[in-house]
Amino acid sequence: MRVIIEPDSAAASRRAACFVAELVRKKPECVLGMATGSTPLLLYQEMIRLHREEGLDFSHVKTFNLDEYVGLGPAHPQSYRFFMNQNLFSQINIDPNHTHIPDGRALDFEAHCRLYEQKIKDAGGIDLQILGVGSDGHIAFNEPGSSLGSRTRLKTLASETIRDNARYFGGEDKVPRLAITMGIGTILESHRCLFLAFGPHKATAVRDTVEGPITAQVTASALQLHREVIGLFDEAAARLLVRRDYYAEVEISQSLLEQGRHRELGIGGV
Ligand code: GLP
């Protein structure tokens with residue numbers, strides 16, 4: 001995993017938006033995997049700014065969201081469809097028909113999840129998947145113990161997740177118990193992942209994900225098997241990483257490579 005540590009979440013989100021913008025400019029009909037929660041909010045604000053001020057064009061972009069609460073329709077203020085419409089889709093020039101989110105009101109879950117996977121395949125797969133992380137190290141709603149080969153399916157939320165999200169619902173008893181979520185196997189098939197984590201409450205999850213063993217108990221750790229993950233953290237979330245110096249060295253090499261300063265890296269030497 002490439003690890004980029006920025007001083008704060010605003011700087012990290014601007015950096016994340018650069019990766020999104022670079023892709024959208026290079027491949028206007030790209031497929032983005034979207035996440036919800038507080039983590040990607042600044043990234044979405046920056047994407048909106050890039051659209052308004054720099055004309056970043058989303059008209060051919062397709063999106064697939066990671067997950068949705070079971071039982072909540074698009075009009076429910078805590079549904080992820082509502083969140084996405086409010087915080088991103090209504091503020092950029094994306095075609096609403098190109099945006100996909102599992103339907104929390106589906107009754108035949110198996111068929112719905114199979115169809116969701118098929119739609120991702122038909123779109124050519126996800127080019128760039130945006131990811132946050134739960135405090136227990138889950139990605140999407142793949143709670144601890146989820147199969148690392150799992151596909152889109154119904155999942156029971158862990159008590160930790162229910163506790164974390166109770167603030168949005170006004171009490172733990174109001175949080176849905178089930179969600180539809182892309183599986184770890186689905187996420188691992190995306191071409192590139194942007195893994196974002198901000199704040200001291202994410203430090204353990206970040207350490208376990210980046211430097212811990214691969215385990216179904218920390219489903220984000222499966223990202224170590226992914227071909228191209230960029231971890232973007234603020235100082236607070238990165239504070240338990242022990243190989244920080246090395247990650248900084250890698251970024252220096254990366255920047256010299258991007259600037260074509262090959263000689264300084266010993267490329268083309270005797
Ligand atoms: C939920 C979502 C995840 C998200 C996590 C963290 O569990 N399903 O996709 O990463 O919350 O949320 P936040 O970014 O608000 O900390």
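Remember, it's 1-based here, ligands and their atoms both numbered in the order they're listed.
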List the atom pairs, with distances to 0.1 Å, where a side-chain N or O of residues 29-39 and a protein N or O form a donor-acceptor pair under 3.5 Å, not counting sequence neighbours.
none

Thr186 and Glu117: side-chain donor and acceptor closer than 3.5 Å? yes

Taking 4.0 angstrom as the limit and counting only heavy atoms of Phe141, give me the atoms of ligand 1 inside it, by number and element. 1 (C), 7 (O), 8 (N)

When distances are taken from atom 6 (C) of ligand 1, the protein heavy atom at minimum range is Val133 O, 3.5 Å

Are Phe141 and Leu157 packed together at the side-chain level, in the sense that at least one heavy-atom pair is separated by less than 4.5 angstrom? yes

Heavy atoms only, cut-off 4.0 Å: how does Ser38 contact ligand 1, side chain, backbone, both, or neither? both

Do Arg243 and Tyr246 form a cation-pi contact, if we require the NZ or CZ to be under 6.0 Å from the six-membered ring centre and within 45 degrees of the ring's axis? yes

I want to check something: taking the side chain as every heavy atom from C-beta on, are Leu50 and Val24 in contact at a cut-off of under 4.5 Å? no

Minimum heavy-atom distance Ser90-Gln86, with the two atoms named: OG-O, 3.8 Å

Here the atoms of ligand 1 under 4.0 Å from any heavy atom belonging to Thr39 are 13 (P), 14 (O), 16 (O)

For Tyr168, atoms of ligand 1 separated by under 4.0 Å from a heavy atom: 15 (O)

Shortest protein contact, atom 1 (C) of ligand 1 (heavy atom only): Tyr80 OH, 3.7 Å

Between Leu148 and Leu223, is there a shared hydrophobic cluster once you connect ILVMFWY residues whose side-chain heavy atoms come closer than 4.5 Å? yes

Can you tell me if His138 contacts ligand 1 (heavy atom of the residue under 4.0 Å from the ligand)? yes

What residue and heavy atom of the protein are closest to atom 8 (N) of ligand 1, and at what distance? Asp67 OD2, 2.8 Å

Per-atom filter on ligand 1: closer than 4.0 angstrom to a heavy atom of Lys202 are 13 (P), 14 (O), 16 (O)

Results of side chain to side chain contact (heavy atoms under 4.5 Å, CB included) for His112 - residues two or more places apart only: Pro102, Asp103, Ala106, Ile180

Any nitrogen or oxygen of Leu66, side chain or backbone, less than 3.5 Å from one on ligand 1? no

Identify the protein heavy atom lying closest to atom 4 (C) of ligand 1, giving its residue, its atom name and the separation to 0.1 Å. Thr36 O, 4.0 Å

Look at atom 3 (C) of ligand 1 and find which of Ala158, Ala140, Gly37 reaches it with the closest heavy atom. Ala140

